[in-house]
Amino acid sequence: MFITIELSEQFRQLLPVIFGAFLSVTFGMGLGWPCIAYPYLLNDDVTPIPITLDDTALIAGFLMEGNTIGSLFSTSKLLPAKLAVSLCCFLQISGWVLMFYSRNIFWFLGSRASVGFANGYGMGQLKRYIKDTCDPDLADTINNYLPVGINVGVLITFTYGAFVDFRSLALYAVIVPSIGFLGFTLIPKLERKTDSSQRVRNALESTMEKDEMSMAKNITPPPVLETAEGERESNTVGKPFTVFEVLRDRDSRNGLFLMFLIVFVQQYSGGPANLVYSQIIFTSTANPYPKLCSIIYGITALINIILALTFAKNIRRKTNLLVGTLACIFCYVLVALYFFLRNELYQINELFTWAPLFLLMLWNVFHTFSFGVLSLLQLKESLPKRSLNVLSKFWTIHFSMSAVISTKIFQVIFGMFGMGMGYTFFIFVLVGNFLIAIFIKDYTPKGKLEVNGGVESATVQRF
């Protein structure tokens, strides 16, 4: 009976969060939308709104730019978390309605900025909601798998969008945030209950705080240590760092640099470009079924992100990074060679047109496991806890802007020199992982990350 009650309460905690997570699913649909819409909009014979190849990166970029701006306000407490998430669902509905009625490229840009902003702001507010309503273990599990929603949305777009035009896709896309809005808004908020052990712990902490306050005047302030590097360290644990405090703190600053480098290689080595331009890529391979190839690639990406978020944390960092990088380079070399020798290979055997699909699927496996989720693990495990609030925003901004710029660079390169040179560019970017391997700590987390009151801790086993 106890187990039944516990599972029932956790399900009640989880259910509204699932509907709230439709924000990331809708964002993923926006991320996958260009793959379906671009071949249609670029076709001068059938397109209702003509666009150029140069416009494609601009359209893709506004989704990420909206996400960036929204993330700047993601920790704001101006509105209750439940109300903020509900408003973001409504904002995404408005974005897709605007997409349906689009008459020129500017309507596209406004629509995608709206969907992106709602995701950037709303997901931070959803985490506030999760913290207030879910047990710590459940909250940690939910937060770990929230990125999966984006890949679910991409796969939905790839699958359904292959059979409709861009207006019909926008109309049906409204359904997802609408369900999220109704489910999250109508389900009553369930405040997290503290068990007896937690209440005892809180009472003890409260008593200790009162004793400390009464003795504060008679206690000498904690010592401030001077380190070899001339930095000052205090035994007290203060409030979260501000931006300037993060930049002044050595550990935070070094962690920020390493995180920036990881995200740079992750994004500029083809992660977003392979999704956004997947139909164009597979059309360029002379494959007769580019839409089917995109769907298969989307399924692979979804499965890989789920497995990576579950198991990648248990693999030694440097070994995983180096092996994965070498495998990614090998796959990209073969893809680039295919584009350079496409005509010759096609004459040998028409089945070679399927080779890029399988190579990119294999690339996605190694990319996701080796460094696709590495920056997220870095945030959780290695960076000072007082810096997480600022560093997570830096991560979102850099991640989104890198996606915008990298897709634009890839579009320019393959537009001017062909797909082979585009993948050659990705190969050179991957070399940056060898620099990351020098600085990253080679360890495997042992045990489960615990979240309590916004403070995260992990037991780490070093090698």
Minimum heavy-atom distance Lys318-Ala437, with the two atoms named: CE-O, 2.9 Å
Quick one: CG on Asn364 to OG1 on Thr300, what's the gap to the nearest 0.5 Å? 6.5 Å
Keeping Ser269 on the side-chain end and Gln266 on the backbone end, is there a donor-acceptor pair under 3.5 Å? yes
Treating Arg112 as the side-chain partner and Gly110 as the backbone partner, does any N or O pair qualify as donor plus acceptor under 3.5 Å? no
With sequence neighbours left out, what residues match Thr285 under side-chain hydrogen bond (donor to acceptor under 3.5 Å, both in side chains)? none
Sequence-distant partners of Ser370, side-chain hydrogen bond (donor to acceptor under 3.5 Å, both in side chains), two or more places apart: none
Which pairs with one or both residues in residues 378-397 pass ring pair (Phe, Tyr, Trp, His ring centres under 6.0 Å), sequence neighbours excluded? Trp395-Phe399
So, do Cys35 and Leu275 sit near enough that their side-chain heavy atoms are less than 4.5 Å apart? no
Under 4.5 Å between any side-chain heavy atoms of Ser74 and Met123, yes or no? no
Ser406 versus Phe264: any side-chain heavy-atom pair under 4.5 Å? no
Ring pair (Phe, Tyr, Trp, His ring centres under 6.0 Å): pairs with one or both residues in residues 361-383, sequence neighbours excluded: Tyr332-Trp363, Trp363-His367, His367-Phe371
Who pairs with Thr68 by side-chain hydrogen bond (donor to acceptor under 3.5 Å, both in side chains), at least two apart in sequence or on another chain? none
Heavy atoms, side chains only, cut-off 4.5 Å: are Val154 and Leu302 in contact? no
Taking the side chain as every heavy atom from C-beta outward, state whether Leu42 and Ile280 have any atom pair closer than 4.5 Å. yes
Indicate the atoms forming the closest heavy-atom contact of Trp96 with Pro177, along with that distance. CD1-CG, 4.4 Å
I'd like to check the side-chain contact (heavy atoms from CB on, under 4.5 Å) partners of Glu65; sequence neighbours left out, ordered by chain and number. Phe62, Met401, Val404
Less than 4.5 Å apart, side chain to side chain, heavy atoms only: is that true for Leu98 and Ser114? no
SG-CG distance between Cys328 and Leu362, expressed to the nearest 0.5 angstrom: 8.5 Å
Show me the pairs that pass ring pair (Phe, Tyr, Trp, His ring centres under 6.0 Å) and involve residues 302-324, at least two apart or across chains. none
On a heavy-atom basis, which atom in Leu391 and which in Met259 lie closest, and how many Å separate them? O-CE, 3.6 Å
Identified side chain to side chain donor-acceptor pair (under 3.5 Å) counterpart of Thr75 within the set Arg128, Gln125, Lys393: Lys393
Taking side-chain hydrogen bond (donor to acceptor under 3.5 Å, both in side chains) as the definition, give me every residue that meets it alongside Tyr268, ordered by chain and number, with sequence neighbours left out. none
Which atom pair, heavy atoms only, marks the closest approach of Tyr121 to Ala84? OH-CB, 3.6 Å
After noting the C-alpha distance and the side-chain angles of Thr56 and Tyr277, does the key distance pass the side-chain hydrogen bond (donor to acceptor under 3.5 Å, both in side chains) rule? CA-CA 9 Å; Thr56 59; Tyr277 290 108; 2.9 Å; yes
So, for Phe426 and Tyr423, is the gap between ring centers shorter than 6.0 Å? yes
Excluding sequence neighbours, so at least two apart, what forms side-chain contact (heavy atoms from CB on, under 4.5 Å) with Val97? Ile93, Tyr101, Val174
So among Val17, Asn143, Val85, which one has a side chain to side chain contact (heavy atoms under 4.5 Å, CB included) with Lys127? Asn143
Side-chain contact test, heavy atoms from C-beta onward, threshold under 4.5 Å: evaluate it for Met64 versus Leu31 and give yes or no. yes
Donor-acceptor pair, Asn104 side chain versus Phe106 backbone, under 3.5 Å? yes
How close do Ser375 and Val263 get, heavy atom to heavy atom, and via which atoms? CB-CG2, 3.7 Å
When you measure from the side chain of Thr368 to the backbone N and O of Val365, does any donor-acceptor pair fall under 3.5 Å? no
Are the side chain of Asp55 and the backbone of Thr52 linked by a donor-acceptor contact shorter than 3.5 Å? yes
Nearest atoms (heavy-atom pairs only) where Pro34 meets Gly30: CD-O, 3.3 Å
I need the Leu309 CG to Thr141 OG1 distance, nearest 0.5 Å. 11.5 Å
Have Ser400 and Asn67 got a donor and an acceptor in their side chains that come within less than 3.5 Å? yes
Enumerate, atom names and distances included, each donor-acceptor pair closer than 3.5 Å involving a side-chain atom of residues 161-172, sequence neighbours excluded.
residue, atom, partner, partner atom, Å
Asp165, OD1, Arg167, N, 3.1
Asp165, OD1, Ser168, N, 2.9
Asp165, OD1, Ser168, OG, 3.2
Arg167, NH1, Phe100, O, 2.6
Arg167, NH1, Ser102, O, 3.1
Arg167, NH2, Ser102, O, 2.9

Examine distances only and state if a side-chain atom of Ser111 and a backbone atom of Trp107 form a donor-acceptor pair shorter than 3.5 Å. no
Are the side chain of Thr47 and the backbone N or O of Leu41 linked by a donor-acceptor pair below 3.5 Å? yes
Examine the side chains of Asn433 and Thr325 and answer whether a donor and an acceptor come within less than 3.5 Å of each other. yes
State, with a plain yes or no, whether a side-chain heavy atom of Phe108 is found less than 4.5 Å away from one of Met99. yes
Answer yes or no: does atom CZ of Phe90 have more than 12 heavy-atom neighbours from other residues, nucleotides or ligands under 6.0 Å? no
Using the test side-chain contact (heavy atoms from CB on, under 4.5 Å), find all partners of Ile413 that sit at least two apart in sequence or belong to another chain. Ile409, Phe417, Met421, Phe425
What class does the angle between the rings of Tyr38 and Trp33 fall in, given that below 30° is parallel, 30 to 60° is tilted and above 60° is perpendicular? perpendicular
Any residue meeting ring-ring contact (aromatic ring centres under 6.0 Å, His included) with Phe184, in chain and number order, not counting sequence neighbours: Tyr129
